Amino acid sequence: MTNQGGWRATAAATGPGDRAAAEEGVRLAYRRAGLAEPERIIWTRSPREAVRTLMAAARPQDPEQDVSDPDVSDPDVSGPDTFGASVRDAVLGAPWARERARLHGELGPHGWSGHWRATGAGLWESTRTLVDRVRAGIVDELAADRATETQVRLLLLDAALGQHDAAWLCAFDSADGSPLDGLAAVARHAGWWWPYEKAAVISERPLTLHRDEAGRLDRGDGPALGYADGFELYAWRGMPVPRDFLDELTRLTPERIRGEENAELRRVMLEFYGYDRYLDESGAVPVHRDETGVLWRVQLVGDEDVVMVEVVNSTPEPDGTSRTYWLRVPPSTRTAREGVAWTFGVGAEAYEPLQQT
Amino acid sequence: MYRQGDVLIVPLAESAVPKIAADVASEPRDGRGRLVLALGEVTGHAHAVVGPGRLVREAGLFGPMLLHVPDGARVVHEEHAAISLPKGWYRVIRQREYVPGSVRIVAD
């Protein structure tokens with residue numbers, strides 16, 4: 001089995017990989033599936049560009065009209081049956097099902113679930129979330145009408161996820177000579193890819209990926225995920241935000257925050273602006289103070305109060321200072337102790353740490 | 001009860017240990033042989049237990065988890081001082097934050 005740390009790094013890798021190694025992986029995966037190698041391997045700069053390329057290929061050619069998509073890097077892909085049928089099941093679905101059944105048989109249901117926890121489970125949640133966001137972003141940008149949306153969604157179902165298949169690949173033997181070695185080689189060097197009978201379309205990995213410690217897309221001053229063709233996703237601690245919204249964050253004022261009607265966006269504004277700064281400038285006063293921290297309350301018009309506990313990190317920073325942080329707690333909270341205890345899901349009376357670091 | 005950053009470690013009487021602890025397999029140790037209570041995705045920093053013991057996921061991806069350290073253990077983290085745990089059972093709880101309409105975990 002492969003190591004989780006290595007696949008974790010693969011799932012988050014950015015920048016171009018080794019194209020030759022990825023292409024060799026694609027050919028190997030076809031051979032392992034008992035198929036002829038694809039006649040062509042077409043590189044794209046993002047999964048969005050890959051989907052555009054596939055849409056262009058599916059479009060009937062009209063000699064009277066130039067239907068080529070200016071955003072598709074390889075114009076020579078249009079025309080019926082250029083690529084043939086999807087072979088995703090043969091190349092990816094079937095070998096995985098076989099490996100899973102084999103391991104399941106060897107380990108038993110109990111053993112399998114333990115094995116999954118030891119390997120892929122830890123990578124599953126963060127990669128699945130990322131994949132869902134990329135899919136949604138592509139649908140948003142390319143689906144102009146219902147018919148196109150269906151086409152885009154179907155094409156997304158044909159995708160192998162390359163580096164984002166890390167959770168699954170982590171659970172199986174993918175060393176050289178194993179049934180999944182070709183798939184693993186693609187995953188180590190490329191993003192999503194589409195295997196068809198006559199051609200494979202591969203997307204490069206993103207150029208930028210910014211996440212927070214919990215693994216969520218997160219960036220305040222640019223795209224959290226960005227590809228070379230300009231396909232970008234913006235997010236703040238996992239919450240999708242519009243691009244213009246981020247531009248505005250650097251020019252925030254307490255009045256602007258109070259005036260924002262969308263509660264989710266206002267929350268992002270508050271976090272970006274800094275609760276401490278907002279509390280200071282809006283003249284908020286502490287409601288309660290005890291040995292666990294300080295409780296603050298800010299009233300917002302037309303919305304529930306923002307109630308926060310201010311907590312001091314017990315381990316000093318290298319420079320000797322202590323980091324202060326704010327955590328939002330339910331509006332019903334009355335004391336700092338009750339607030340801190342709530343963040344750990346215990347009652348105020350039960351919260352009594354013997355030691356804190 | 002011990003707290004290391006966004007993780008709270010609450011002692012549990014032997015009689016209060018849920019039955020699931022006996023039924024469920026231990027969480028795997030990481031590449032350095034540690035039991036990881038919480039892992040930072042970006043820095044790779046971890047709240048981790050060094051030494052013999054078992055860690056069992058009680059529910060969900062973010063816990064809580066049950067920790068058994070028969071000989072006692074140390075909880076370490078790259079940015080927090082280590083904590084010594086006396087031998088016994090513990091419930092490990094991740095810190096969370098209130099978000100109107102939902103709740104999310106904290107990662108420090």
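Note that the structure is a prediction, hence the values are computed from the model and not measured. Below, read A as the first sequence line, B as the second, and so on, with proteins coming before strands; counting in each chain starts at 1.
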Over 12 non-hydrogen atoms of neighbours within 6.0 angstrom of CZ in A/Arg128: yes
- prompt: Under a 4.5 Å heavy-atom cut-off, does chain B meet the side chain of A/His210, its backbone, both or neither?
  reply: neither
statement: Looking only at heavy atoms, the pair that brings B/Gln4 and A/Thr357 closest together is CG-OG1, 3.3 Å
field: Atom group of A/Arg267 that falls short of 4.5 Å from chain B, counting heavy atoms
entry: side chain
field: Shortest non-hydrogen contact from A/Phe344 toward B/Leu8
entry: CD2-CB, 3.4 Å
- request: Assess whether side-chain contact (heavy atoms from CB on, under 4.5 Å) is satisfied between B/Tyr98 and A/Val307, documenting all intermediate values.
  value: CA-CA 9 Å; B/Tyr98 176 77; A/Val307 178; over 6 Å; no
message: Is B/Ala38 close to chain A through its backbone or its side chain, or both, or neither, when contacts mean heavy atoms under 4.5 Å?
response: neither
task: Measure A/Glu304 against the heavy atoms of chain B and call it side chain, backbone, both or neither at under 4.5 Å.
output: side chain
field: Distance-minimising heavy-atom pair for B/Pro28 and A/Ala118
entry: CG-CA, 3.1 Å
- prompt: What do the steps show when you test A/Arg237 against B/Val99 for side-chain contact (heavy atoms from CB on, under 4.5 Å), and what is the final call?
  reply: CA-CA 12 Å; A/Arg237 297 196 189 169; B/Val99 178; over 6 Å; no
Stepwise side-chain contact (heavy atoms from CB on, under 4.5 Å) check, B/Arg96 with A/Trp342: CA-CA 8 Å; B/Arg96 60 181 177 166; A/Trp342 181 90; 3.2 Å; yes
- prompt: Do side-chain atoms of A/Arg117 reach the backbone of B/Ala25 as a donor and acceptor pair under 3.5 angstrom?
  reply: yes
query: Measuring heavy-atom distances to chain B, does A/Val306 have an atom under 4.5 Å in its side chain, in its backbone, in both, or in neither?
result: neither
- request: Taking all non-hydrogen atoms of both residues into account, name the closest pair between B/Val42 and A/Asp212 and its distance.
  value: CG2-O, 3.2 Å
field: Pairs of heavy atoms under 4.5 Å with chain B: top-ranked of A/Ala350, A/Gly339, A/Gly111, A/Pro330
entry: A/Pro330
- request: For A/Glu213 and B/Thr43, indicate whether the former's side chain and the latter's backbone hold a donor-acceptor pair under 3.5 Å.
  value: yes
field: Leading residue by heavy atom contact count with chain B [cutoff under 4.5 Å; candidates A/Thr333, A/Val340, A/Val329]
entry: A/Val329
- prompt: Any idea which of B/Val24, B/Val75, B/Ile83 has the most non-hydrogen atom pairs under 4.5 angstrom with chain A?
  reply: B/Ile83
query: Atom NE2 in A/His110, atom CG in B/Asp23: separation rounded to 0.5 Å?
result: 8.0 Å
- request: Please check if atom CD in A/Glu261 has more than 12 non-hydrogen atoms from other residues, nucleotides or ligands closer than 6.0 Å.
  value: no
query: Of B/Arg3, B/Met1, B/His80, which is the lone residue that meets side-chain contact (heavy atoms from CB on, under 4.5 Å) with A/Gln356?
result: B/Arg3
field: NZ/NE/NH1/NH2 to OD/OE distance under 4.0 Å, B/Glu41 and A/Arg8
entry: yes
field: CD on B/Glu97 to CG on A/Leu327, rounded to 0.5 Å
entry: 5.0 Å
- request: Under 4.5 Å heavy-atom distance to chain A, tell me which part of B/Ile9 shows up: side chain, backbone, both or neither.
  value: neither
